[in-house]
Colleague: 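To start, I am sharing the structure in question, which I have written as structure tokens.
Residues: numbered from 1 along the sequence shown.
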Amino acid sequence: MSNRLNHFVTAPKLTQALSDASMAGYKTSIDPLIKSLIDIRASQLNGCAFCLDMHVKQAKIKGERELRLYHLAIWRESPLFTAKEKAALALTEALTKLSETGVSDELYRSTLAHFSEVEISELCYLIGIINMWNRLQLVSLAEPGSADAAFGLAKADLN
């Protein structure tokens with residue numbers, strides 16, 4: 001796999017703005033482990049190897065259990081995720097794989113049972129941001145693990 005282009009070089013202002021939005025995402029009220037689950041699940045759905053690799057390592061460093069990482073692809077059936085985490089994952093899937101009906105009233109109500117309106121708005125931004133990064137990386141074809149040193153991900157010990 002070769003890196004086709006570097007968005008920080010080709011569109012530096014836009015890429016920096018997205019990077020700034022990503023950093024702001026870490027300052028929301030959303031639990032960092034739920035944010036990790038969102039990043040990983042969206043990256044799985046979008047087939048973004050670079051982002052999936054990076055976010056799995058970040059989650060491990062944050063203390064996420066490996067078994068939960070393995071179960072993320074089957075989160076609906078897994079007993080390892082809370083109802084709140086499942087609500088966030090359902091919204092992630094709905095906003096990542098948009099249907100003609102968008103986000104149903106039922107999904108919104110079930111999400112609202114676990115998150116405030118402010119948190120739902122924050123979740124929507126977090127989901128949108130990871131989806132944008134996934135799309136940029138799918139064009140770039142950055143090699144998974146190629147930014148480990150820059151992001152301090154070697155300490156995840158997942159090589």
Side-chain angles (χ1 to χ4, degrees), residues 6-8 14-98 103 107-138 140 142-159:
N6 180 335
H7 296 287
F8 281 99
L14 291 171
T15 308
Q16 186 59 54
L18 184 59
S19 183
D20 292 345
S22 295
M23 296 310 291
Y26 288 105
K27 297 174 184 166
T28 66
S29 62
I30 304 303
D31 179 293
L33 289 179
I34 290 178
K35 183 183 179 330
S36 291
L37 296 177
I38 289 168
D39 289 343
I40 294 166
R41 187 63 186 139
S43 298
Q44 287 174 333
L45 293 170
N46 288 322
C48 183
F50 178 86
C51 291
L52 179 61
D53 178 82
M54 180 173 80
H55 293 298
V56 164
K57 290 171 182 171
Q58 286 176 332
K60 180 85 164 70
I61 290 168
K62 291 177 190 172
E64 186 59 80
R65 297 184 339 217
E66 282 189 55
L67 186 58
R68 282 171 38 99
L69 295 173
Y70 302 144
H71 276 230
L72 195 48
I74 52 131
W75 63 267
R76 282 183 178 81
E77 295 80 20
S78 176
L80 301 179
F81 300 98
T82 67
K84 185 173 187 172
E85 291 167 333
K86 287 182 177 188
L89 290 167
L91 186 61
T92 299
E93 290 190 359
L95 292 176
T96 299
K97 300 180 98 178
L98 295 172
V103 175
L107 175 57
Y108 182 78
R109 281 191 300 274
S110 67
T111 306
L112 193 55
H114 301 283
F115 295 95
S116 70
E117 288 181 340
V118 169
E119 290 171 323
I120 291 172
S121 185
E122 290 173 344
L123 285 169
C124 290
Y125 275 97
L126 295 172
I127 294 163
I129 290 166
I130 187 58
N131 275 287
M132 187 64 196
W133 280 121
N134 289 163
R135 283 148 179 77
L136 290 171
Q137 293 303 331
L138 288 169
S140 296
E143 184 176 339
S146 61
D148 283 4
F151 293 119
L153 299 177
K155 61 185 167 190
D157 199 28
L158 287 176
N159 293 324

Colleague: Distance from Glu122 atom CD to Leu126 atom CG, nearest 0.5 Å?
Modeller: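 Output value for this atom pair is 7.0 Å.
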Colleague: Answer yes or no: does atom CZ of Phe8 have more than 12 heavy-atom neighbours from other residues, nucleotides or ligands under 6.0 Å?
Modeller: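 Atom CZ in Phe8 is crowded, with more than 12 foreign heavy atoms closer than 6.0 Å.
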Colleague: Measure the shortest side-chain to side-chain distance between Leu80 and Arg65 over non-hydrogen atoms and say whether it is less than 4.5 angstrom.
Modeller: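 A side-chain contact under 4.5 Å exists here.
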Colleague: To the nearest 0.5 Å, how far apart are CH2 in Trp133 and CE in Met54?
Modeller: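 Atom-to-atom, Trp133:CH2 and Met54:CE are 8.0 Å apart.
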Colleague: For the OG1 atom of Thr111 and the CG atom of Leu91, what is their distance to the nearest 0.5 Å?
Modeller: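 So the OG1 of Thr111 and the CG of Leu91 are separated by 5.0 Å.
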Colleague: I want to check something: taking the side chain as every heavy atom from C-beta on, are Asp148 and Asp53 in contact at a cut-off of under 4.5 Å?
Modeller: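 Yes; the side chains approach each other to less than 4.5 Å.
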Colleague: For Ala94 and Val103, work out which heavy atoms get closest and say how close.
Modeller: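 In this case the closest contact between Ala94 and Val103 is CB-CG2, 4.3 Å.
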Colleague: Run the side chain to side chain contact (heavy atoms under 4.5 Å, CB included) test on Phe81 and Leu37 for me, step by step, so that the C-alpha distance in whole Å, both residues' side-chain angles and the decisive distance to 0.1 Å come before the verdict.
Modeller: CA-CA 10 Å; Phe81 300 98; Leu37 296 177; 4.0 Å; yes
Colleague: With side chains defined as the heavy atoms from C-beta onward, is the minimum distance between Cys124 and Leu95 less than 4.5 Å?
Modeller: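 Contact flag for Cys124/Leu95 side chains = yes.
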Colleague: How far does NZ of Lys155 sit from CD of Gln58, to the nearest 0.5 angstrom?
Modeller: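 Between Lys155 NZ and Gln58 CD, I get 10.5 Å after rounding to 0.5 Å.
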Colleague: Can you confirm whether Lys62 is buried at NZ, in the sense that more than 12 heavy atoms of other residues, nucleotides or ligands lie under 6.0 Å from that atom?
Modeller: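 It does: Lys62 NZ has more than 12 such atoms within range.
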Colleague: For Lys86 and Arg76, which heavy atoms make the closest approach, and how far apart are they?
Modeller: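 For Lys86 versus Arg76, the nearest heavy atoms are NZ-O, 3.3 Å.
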Colleague: Drop me the distance from Phe115's CZ to Ile34's CD1, to the nearest 0.5 angstrom.
Modeller: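 Interatomic distance, Phe115 CZ to Ile34 CD1, rounded to 0.5 Å: 4.0 Å.
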Colleague: Between Glu119 and Ser29, which heavy-atom pair has the shortest distance, and what is it?
Modeller: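 Nearest heavy atoms, Glu119 then Ser29: CG-OG, 3.4 Å.
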Colleague: Is Arg68 close to Leu72 at the side-chain level, that is, under 4.5 Å between some pair of heavy atoms?
Modeller: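 Side chain of Leu72 against side chain of Arg68, heavy atoms only: no contact under 4.5 Å found.
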Colleague: Is any side-chain heavy atom of Glu64 closer than 4.5 Å to a side-chain heavy atom of Ser36?
Modeller: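 Result no, sub-4.5 Å side-chain heavy-atom pair not found.
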Colleague: Is any side-chain heavy atom of Ser43 less than 4.5 Å from a side-chain heavy atom of Ile130?
Modeller: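 Side chain of Ser43 against side chain of Ile130, heavy atoms only: contact under 4.5 Å found.
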Colleague: Please report the shortest heavy-atom distance between Ala42 and Thr96, naming the atom on each side.
Modeller: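 Distance-wise, the nearest heavy atoms are CB-OG1, 3.8 Å.
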Colleague: Using every non-hydrogen atom in the two residues, find where Ile40 and Ala59 come nearest and quote the distance to one decimal.
Modeller: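 For Ile40 and Ala59, the tightest heavy-atom pair comes out as CD1-CB, 3.9 Å.
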